[in-house]
Amino acid sequence: MPDATPPITPTSPEAPGKKAAPSDLRQRVIYASIGAVLLLGSVWYSAWSFALFFAAVQVKMLLEFYRMMRAGGYAPAKWIGVGASLATIAGLVFMVAANEEGTLGHAPVVAIALFLCLPVVLLLRAIVLWPKHSKPFSDVAVTLAGLFYVGFPMTLLGVIANFHTTYDYRRIFGLLFLVWASDIGAYAAGKTFGKHKLAPSISPGKTWEGWAGGFLLTLAVGWALTFMLPDVPLAHLLVAAGVVAVFGPLGDLAESMLKRSVGVKDSGTFMPGHGGLLDRFDAFLLVLPVLALLQLLAN
């Protein structure tokens with residue numbers, strides 16, 4: 001009777017000195033750990049390290065947005081958009097310092113006037129490039145959309161961090177912990193109990209059960225933040241937690257919708273295993289305007 005055991009195919013030995021690539025999960029953990037250390041370290045060290053770190057993050061997010069718009073057939077003025085975004089950060093830093101010294105004067109009016117000149121600059125660019133770029137007004141609109149969707153919301157981190165003109169890293173830590181709690185709670189509850197789809201046409205993996213889990217864990221972390229931020233009333237922390245639990249997932253859905261509309265899987269490849277920075281900070285884009293408004297009203 002012939003042997004039915006299939007022949008063993010010899011494998012060539014691995015080249016000496018060549019290491020196997022890390023698994024996808026291991027790679028994700030490594031890059032997430034490095035990113036978390038850089039993020040928390042820059043926020044904790046000083047107001048300047050915080051500002052420089054998030055200025056770089058904001059520029060990268062904006063470039064990723066404009067790259068996706070190019071994939072969708074538009075031609076945004078990315079460097080004008082980036083310049084306007086950085087000018088917004090610089091303007092906020094200047095106004096916070098001037099307000100502290102009592103020399104603010106007409107700076108807000110000048111800032112608004114300069115912003116209103118931005119569409120003029122973009123239209124002049126469109127005139128110069130016509131007819132090479134055949135959708136001039138769409139290109140202008142997409143450039144401005146990047147500022148309103150990415151640039152201006154991320155700039156509002158400075159409003160959250162500077163409470164009564166004093167930089168307080170604990171407030172940014174608290175915001176980060178709330179956003180992470182929303183993500184972790186949603187993932188764990190969705191994996192365990194998820195049955196009812198939240199927005200199947202946009203993000204099939206998200207469920208109502210996952211959202212509820214994220215909401216509850218975010219509220220729990222909001223309560224726990226009283227130990228780190230004893231000077232902030234519990235009611236304010238719970239309201240902030242509720243804002244993150246509601247608008248954070250909406251920010252995630254908005255970015256997923258954006259990617260589907262232009263046919264890309266990730267906003268970029270900046271963090272292997274995690275996509276781009278826009279993928280990592282998408283929750284902030286809808287959370288920050290609401291929190292900044294509530295903070296200004298509360299003050």
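This chain uses plain numbering: 1 for the first residue, then up along the sequence.
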Measuring from atom CG of Asp168 to atom CG of Asp231, what distance do you get when rounded to the nearest 0.5 angstrom? 7.0 Å
Between atom CG of Leu147 and atom CG of Leu118, what is the distance when rounded to the nearest 0.5 Å? 6.0 Å
Determine whether Ile172 and Tyr45 fall in the same hydrophobic cluster, where Ile, Leu, Val, Met, Phe, Trp and Tyr are linked whenever their side-chain heavy atoms lie under 4.5 Å apart. yes
Over 12 non-hydrogen atoms of neighbours within 6.0 angstrom of NZ in Lys135: yes
Val43 vs Phe54, side-chain contact (heavy atoms from CB on, under 4.5 Å): CA-CA, chis, key distance, verdict: CA-CA 9 Å; Val43 172; Phe54 275 102; 3.8 Å; yes
Who are the salt bridge (Lys or Arg N to Asp or Glu O under 4.0 Å) partners of Asp252, not counting sequence neighbours? Lys206
Can you name the residues that form a salt bridge (Lys or Arg N to Asp or Glu O under 4.0 Å) with Lys259, not counting sequence neighbours? Glu255, Asp279
Determine whether Pro153 and Leu286 make a side-chain contact, defined as any pair of heavy atoms from C-beta on separated by less than 4.5 Å. no
Taking side chain to side chain contact (heavy atoms under 4.5 Å, CB included) as the definition, give me every residue that meets it alongside Ala245, ordered by chain and number, with sequence neighbours left out. Phe215, Thr218
Mind checking the CG-CG spacing from Leu178 to Asp183? Nearest 0.5 Å is all I need. 11.5 Å
Flag, side chain of Ser42 to backbone of Leu39, donor-acceptor distance under 3.5 Å: yes
Going by side chain to side chain donor-acceptor pair (under 3.5 Å), name the pairs with one or both residues in residues 62-73, residues two or more places apart or in two chains. Lys60-Glu64, Glu64-Ser267
To the nearest 0.5 Å, what is the distance between CG (Leu225) and NE2 (His236)? 14.5 Å
Tell me, please, which residues at least two apart from Tyr187 pass ring-ring contact (aromatic ring centres under 6.0 Å, His included). none
With sequence neighbours excluded, residues passing ring-ring contact (aromatic ring centres under 6.0 Å, His included) with Phe53: none
Measuring from atom CG of Leu123 to atom CZ of Phe137, what distance do you get when rounded to the nearest 0.5 angstrom? 5.5 Å
Return the set of residues passing side-chain hydrogen bond (donor to acceptor under 3.5 Å, both in side chains) with His196 (not counting sequence neighbours), or none when no residue passes. Glu209
Nearest heavy-atom pair of Pro249 and Val244: which atoms, and what distance? CD-O, 3.5 Å
Taking a hydrophobic cluster as the set of Ile, Leu, Val, Met, Phe, Trp and Tyr residues connected by side-chain heavy atoms closer than 4.5 Å, whether directly or through intermediates, do Leu144 and Ile112 fall within one such cluster? yes
Side-chain contact, heavy-atom cut-off 4.5 Å: Leu198 with Thr207? no
Sequence neighbours excluded, every pair satisfying side chain to side chain donor-acceptor pair (under 3.5 Å) that has a member inside residues 142-160: Gln58-Thr155
Exam field: side chain Arg170 to backbone Met228, donor-acceptor pair closer than 3.5 Å: yes
Whether the side chain of Arg171 engages the backbone of Ile160 through a donor-acceptor N/O pair (distance < 3.5 Å, no angle test) should be reported. yes
Between Phe50 and Tyr167, does the ring centroid distance fall short of 6.0 Å? yes
For residues 71-90, the ring-ring contact (aromatic ring centres under 6.0 Å, His included) pairs (sequence neighbours left out) are none
Plane angle bin for Trp180 and Phe177 - parallel if under 30°, tilted between 30 and 60°, otherwise perpendicular: tilted
Determine whether Asp282 and Leu258 make a side-chain contact, defined as any pair of heavy atoms from C-beta on separated by less than 4.5 Å. no
Audit row: Asp139, Leu129, side-chain contact (heavy atoms from CB on, under 4.5 Å) steps and yes/no: CA-CA 11 Å; Asp139 296 339; Leu129 293 178; over 6 Å; no
For Gly242 and Leu219 the tightest heavy-atom approach is N-CD2, 4.2 Å
According to ring-ring contact (aromatic ring centres under 6.0 Å, His included), who are the partners of Phe281, at least two apart in sequence or on a separate chain? Phe284
Any sub-3.5 Å donor-acceptor pair from Ser134's side-chain atoms to Pro131's backbone N or O? no
Transitive ILVMFWY side-chain link Ile34 to Leu52, under 4.5 Å: no
My understanding is that only residues two or more places apart in sequence, or in another chain, count here; which of them pass ring-ring contact (aromatic ring centres under 6.0 Å, His included) with Phe227? Trp223
The salt bridge (Lys or Arg N to Asp or Glu O under 4.0 Å) partners of Arg125 (sequence neighbours excluded) come to none
Note: Leu253 and Ser203 closest approach over all heavy atoms is CD2-CB, 3.8 Å
I'd like to know if Arg280 pairs up with Asp266 as an ion pair, taking the criterion as any Lys NZ or Arg NE/NH1/NH2 lying under 4.0 Å from an Asp or Glu carboxylate oxygen. no
Looking only at heavy atoms, what is the nearest atom pair of Val262 and Gly72, with distance? CG1-CA, 3.9 Å
Taking Gly81's backbone N and O only, do any of them form a donor-acceptor pair with Ser85's side chain (distance below 3.5 Å, no angle check)? no
Do you know the tightest heavy-atom contact between Ala71 and Val264? CB-CG1, 4.1 Å
Under a single-linkage definition using a 4.5 Å side-chain heavy-atom cutoff for Ile, Leu, Val, Met, Phe, Trp and Tyr, are Leu294 and Val232 assigned to the same hydrophobic cluster? yes
On a heavy-atom basis, the closest approach of Leu237 and Gly222 is CB-O, 3.6 Å
Hydrophobic clustering (ILVMFWY, side-chain heavy atoms < 4.5 Å, transitive) - are Met257 and Val142 grouped together? yes
About how many Å separate OG1 of Thr226 and CG of Leu238, when rounded to the nearest 0.5 Å? 9.0 Å
